[in-house]
Amino acid sequence: MSKIEINNIYKIFGPTPGTVLENVKAGATKEEVLDQTGHTVGLDNVSISIEEGETFVCMGLSGSGKSTLIRHINRLIDPTDGEVFVSGQNVLDLSPEELLEFRKKNMSMVFQRFGLFPHKTVIENVAYGLEIQQIELEQRNKTAMDQIDAVGLSGFEDQYPSQLSGGMQQRVGLARALATNPEILLMDEAFSALDPLIRSDMQGQLIELQSQLKKTIVFITHDLDESLKLGDHIGILNGGRLVQVGTPEEILLNPADDYVSSFVGDVNRARVLKARAVMTKKDDTHNGKEIAHRANENDTLEELLPIILGTRSLIEVVDNSGNPLGYISDREASRLLSKS
Amino acid sequence: MKKIPQSVYYAIFTGLFGWLLVVSFNSSKRKPDSVGELFTDLSWLNNWPKWLDTPLMKWINDGWKVFIAEYGLIFDAIGYGLLRGYTELKQIIVQAPWPVVIIAVIAITYFSSGRKVGTTVFVGICTFFIGFLNPRFWDKAIETTTMVVLGIAICVIIGIPIGIAMARNEKVRNAILPILDLMQVIPAFCYLIPGIILFGLGAIPAIISIFIYACPPLIRLTDLGIRLVDKEVIEAAESFGASRRQKLWGVQMPLALPNIMQGINQCTMMALAMVVIASMIGTRGLGDEVLLGLQQLNVGAAIEAGLAIVLLAIVLDRMTQAYGEKIQERNQPVKKK
Amino acid sequence: MIKKLQTSLIALVVSVFGFFSVPLSTASAADCSVHIGDFDWDSANIHTAIGAYILENGYECDVQVTKGSTNPILAALIDNQIDIIFEHWTDNNVQLIDPELESGNLVFLGVNTPASEQAFFVDRATSEKYNITSVEDLAKPEIAMLFKDPENPEKGRLTSCISGWTCYTINLVKLKEYGLDDLYTNFDPGSGGALDAAIMAASTKNQPIVTYYWTPTSLMGKPEVDLVRLTEPAYDESCWSDMMTVVEDIKANGPEVYKPSCACEYKDMALTKLATGKFAKEQPAIIDFANAYTIPTAVVNNMLAYYVDESGGDMEATAMHYLETDSSWESWVPADVAAKVKKSL
């Protein structure tokens with residue numbers, strides 16, 4: 001079973017969601033439901049499974065239900081209908097006390113506007129999760145200091161959040177989330193409020209952290225570049241419905257509908273597409289051809305383009321252990337870079 | 001649900017209106033002489049039909065009698081407890097030499113304001129000027145302050161938990177809000193005079209009246225303060241598995257504190273206003289001096305006492321305000337350059 | 001001359017604005033019309049209501065009632081705009097009214113309520129139990145402790161008049177003169193309503209109370225309230241004026257200027273009726289009735305209590321209640337008038 005399984009979730013906002021549920025299940029659209037009953041459909045039959053150790057990015061415009069979806073995982077929001085499993089445990093079966101324990105042990109969350117406690121210092125903020133778990137002050141300060149070091153905020157531990165810049169505040173938020181050493185990290189538009197340079201910096205920091213920690217990360221964003229950069233898998237939400245799930249390459253190369261196409265149209269594909277996705281699978285036709293360069297499967301097309309265009313010859317794509325997987329020629333490159 | 005057609009409502013209301021007109025005509029003392037006069041002289045509509053009168057007054061009076069007979073003892077006990085607190089607190093401060101009291105006020109202000117010298121000096125001078133206006137005012141001001149402090153203490157003990165309950169539960173809020181409206185709008189004399197019957201003349205009904213009059217803003221601001229706490233901050237606490245209690249005391253209350261202090265500050269000012277009104281039910285203190293001045297048409301005396309109340313108000317206001325600001329600054333420190 | 005001008009000015013104001021003129025009768029062609037002056041306190045309202053009812057239904061007069069404060073109403077009476085008033089606190093307005101009586105502009109119609117009292121009262125239970133009947137009986141520490149002042153437990157509490165009113169200072173001087181000063185606080189209840197409530201509270205809870213109060217009042221007519229008047233040295237004009245000198249001095253200069261003088265009981269004031277000389281000539285039959293009109297103080301108290309507690313604040317209903325339950329009024333009017341009144345009830 002996957003780490004997180006979301007099965008057929010419906011969420012309807014309004015005074016009597018139960019009465020509207022049947023309508024929605026029968027296929028009424030968000031607009032129809034709002035018009036006829038005054039209820040807002042937040043999520044409409046969403047099912048996702050997220051594997052352990054991967055970064056799953058949930059993408060959509062505002063109002064698409066992505067923030068609602070992520071809050072179902074730690075049950076900050078209860079669904080109108082459906083099931084949520086985390087590590088095999090049905091989250092909806094938990095009693096209020098069990099739910100608190102579940103949140104303490106399994107996951108923590110990072111917020112768009114940071115969600116820091118303005119009346120606590122940086123170290124108190126970072127140690128908050130441990131404080132809730134009633135860990136001794138000394139122990140939790142030590143753990144918190146380690147996390148503050150890890151995000152590069154040493155020396156700021158006695159400041160208040162409002163004394164820090166946005167990027168620093170979000171690093172506090174990240175440190176706070178990591179301090180409890182959760183298996184799952186929920187990041188709700190975590191970098192959206194930051195300006196582009198800092199955002200890119202933070203993305204890099206997250207990728208680096210993730211390469212060491214191997215957490216299961218659910219990341220919410222409205223920014224496709226960000227999802228392509230961070231996500232192992234991406235789910236695209238539109239109007240509460242999940243329109244496509246797939247790897248960045250799948251999304252880019254085979255958009256499921258016009259909505260997704262319009263999203264991916266403006267993306268710099270060379271920067272996103274990886275060698276593995278571009279290559280032609282290894283077969284006999286390649287035997288004996290001249291190899292100009294050997295590329296890792298995770299290299300982006302952008303890195304390889306100068307070589308491809310420069311040499312006009314084949315590039316061999318290998319996995320981490322050096323086994324050849326396939327080949328890229330200028331033919332493949334130009335086909336994939338042109339918009340389909 | 002099937003909708004009743006609009007026309008049915010119109011028919012019902014028209015019928016009701018017509019019936020009321022007929023009733024009014026029947027119970028009118030003066031009957032028109034002709035049909036024409038029915039429209040030109042509308043005095044037949046002047047008399048409110050006698051039987052169309054809710055005997056609310058009688059119900060209240062009867063209920064009140066039963067209430068006093070059944071529960072009078074409880075109020076006697078409350079009154080006795082408050083009275084002990086009031087007289088002892090008052091005695092302690094009244095018997096203290098006045099310089100000691102001024103120094104105490106200055107010390108409290110200094111520390112509660114986060115060591116602001118300006119505020120402290122200002123409050124000290126105002127305190128001094130109360131006695132300086134008229135030596136008789138010194139003890140009176142202490143009596144007034146004692147009542148205000150006790151009144152606020154009750155407001156805090158009862159009001160803040162109510163505010164918290166309102167913030168946490170929509171149903172509780174919907175039930176309490178109209179009561180708060182009632183408490184704020186009902187004229188003070190409606191509870192001052194019954195207060196005498198429950199608690200006797202003097203300081204105790206005044207303290208109870210302070211509660212009725214001054215508590216609503218504190219309750220409202222506590223409720224508002226808690227609900228105004230950033231939703232993300234609350235979610236952050238929840239996402240770490242904070243229980244309702246941990247969330248309340250660790251996050252909501254500290255962040256609502258500036259608003260609550262604002263509530264206490266308002267509560268103080270309103271309490272002071274009520275103590276002046278309460279002089280009409282035999283409450284001693286500065287309000288008594290104002291009332292006396294007015295009853296003797298001695299405008300000078302009334303204004304002199306009024307000024308003393310203003311000074312006392314400034315002192316109490318600055319002390320509570322300064323403390324609120326101190327908390328506010330801790331929550332939202334100014335960005336360092 | 002100026003005074004005259006003043007009164008007519010006030011009268012003009014009365015006539016222009018008409019105050020609360022309430023036309024009570026609709027009989028279009030009555031042989032008489034009466035304009036009654038009424039005041040803004042409830043004992044006067046009761047007499048007016050009874051008088052008006054009898055005039056309207058017994059004599060079939062066109063009755064108009066105008067209600068206002070003492071001075072404008074008296075001015076209107078002197079100006080003959082108002083014909084008759086049924087309650088007049090004679091002693092308060094001697095200087096204004098006496099010349100008018102002498103000149104014949106106004107005529108005196110006798111007493112309406114025999115006596116108004118101002119005095120110290122003790123609740124009957126305490127009075128009987130400890131045999132307290134006079135102010136001298138109060139002058140014992142153990143008696144004072146019966147009326148313990150909660151805010152000043154060493155002393156008894158004499159619930160007094162409202163501070164700022166003359167009676168508060170009079171009571172202060174009396175306490176000193178009677179030697180009660182060290183035993184009792186002269187406690188200011190703050191307002192008339194508060195004083196009533198304090199007496200009511202003590203009566204319903206059966207707590208001892210010693211208080212200053214006065215009649216006729218609705219409170220005195222309530223069944224729960226049973227107070228015994230304490231005797232004081234009898235009223236003596238020279239003693240009273242000595243005391244008042246001290247009282248005025250204290251009011252002006254504070255309690256420190258107190259000098260021992262004298263003290264005696266309040267003078268009981270008679271409440272009377274007045275009519276204009278013109279009206280008396282025109283309507284001798286009504287004047288006969290008005291002259292005969294008199295109701296004992298206790299009955300007035302009871303009616304006031306009925307008005308407050310049971311009538312729902314309806315003076316006319318209170319008047320009708322009196323006429324139905326008491327028969328003494330039948331002797332004031334000829335038999336045919338009495339019959340008409342009874343028929344209308």
Side-chain angles (χ1 to χ4, degrees), chain B residues 28-31 33 43 46 50 53 55-58 61-62 64-65 68-69 72-73 75-76 79-80 82-84 86-87 90 136 143 189 192-206 277-284 287-289 291-298 301-302, chain C residues 22-28 56 148-154 157 159-169 185-207 209 211 222-224 250-252 254-256 308-314 316-317:
Chain B
S28 159
K29 281 182 188 169
R30 188 192 177 292
K31 301 274 194 286
D33 301 330
S43 63
N46 281 358
K50 276 235 166 87
D53 165 32
L56 186 62
M57 179 191 88
K58 201 169 150 43
N61 282 340
D62 293 349
W64 179 240
K65 273 182 195 151
I68 295 171
L73 267 181
F75 291 95
D76 284 347
Y80 179 75
L82 277 176
L83 193 70
R84 279 288 299 276
Y86 168 68
T87 40
K90 185 186 83 181
R136 200 173 64 237
E143 285 180 79
F189 284 99
L192 278 171
I193 299 290
I196 299 173
I197 297 187
L198 290 178
F199 300 105
L201 287 169
I204 305 312
I277 298 172
S279 61
M280 308 274 298
I281 54 165
T283 305
R284 298 285 163 273
D288 196 28
E289 293 286 323
L291 188 70
L292 183 62
L294 288 176
Q295 269 164 350
Q296 293 179 331
L297 265 184
N298 186 341
Chain C
V22 187
L24 281 178
S25 169
T26 54
S28 47
E56 203 175 353
K148 192 187 276 186
D149 185 342
E151 289 173 36
N152 192 355
E154 293 96 54
R157 173 185 283 182
T159 311
S160 184
C161 187
I162 290 94
S163 84
W165 295 8
T166 305
C167 48
Y168 180 79
T169 317
T185 47
N186 189 31
F187 190 88
D188 158 32
S191 59
L195 176 58
D196 287 6
I199 294 171
M200 193 64 202
S203 300
T204 46
K205 291 168 156 182
N206 296 320
Q207 287 165 344
I209 185 169
T211 181
K222 291 197 190 224
E224 303 93 318
I250 291 178
K251 274 179 78 175
E256 297 81 17
V308 171
D309 290 335
E310 287 170 59
S311 75
D314 185 339
E316 196 184 350

Under a 4.5 Å heavy-atom cut-off, does chain B meet the side chain of [X], its backbone, both or neither?
X      : answer
C/T159 : side chain
C/E224 : side chain
C/Y168 : neither

Worksheet entry | Which atoms of B/L83 approach chain C - backbone, side chain, both or neither, heavy atom under 4.5 Å | side chain
Fill in: Region of B/Y86 that comes under 4.5 Å of a non-hydrogen atom in chain C
side chain
Worksheet entry | Closest-packed option against chain C by number of heavy-atom pairs under 4.5 Å, given B/K90, B/K58, B/K65, B/R284 | B/R284
Discussion item. Heavy-atom pairs under 4.5 Å with chain C - which of B/L192, B/L292, B/T283, B/I68 has more of them than the others?
Written reply: B/L292
Fill in: N/O donor-acceptor pair under 3.5 Å between C/E151 side chain and B/T87 backbone
no
Item to complete: Answer whether the closest heavy-atom distance between the side chains of B/D76 and C/K205 falls below 4.5 Å.
Response: yes
Practice prompt. Would you indicate whether the side-chain heavy atoms of C/R157 and B/L201 approach each other to under 4.5 Å?
Written response: yes
Practice prompt. For chain B, find which of C/S191, C/G192, C/A202 contributes the most heavy-atom pairs closer than 4.5 angstrom.
Written response: C/S191
Practice prompt. Quick one: list whatever passes side chain to side chain donor-acceptor pair (under 3.5 Å) with C/D188, sequence neighbours left out.
Written response: C/S163
Item to complete: List the atom of B/I193, the atom of C/G193, and the distance in Å for their closest heavy-atom pair.
Response: CD1-C, 3.7 Å
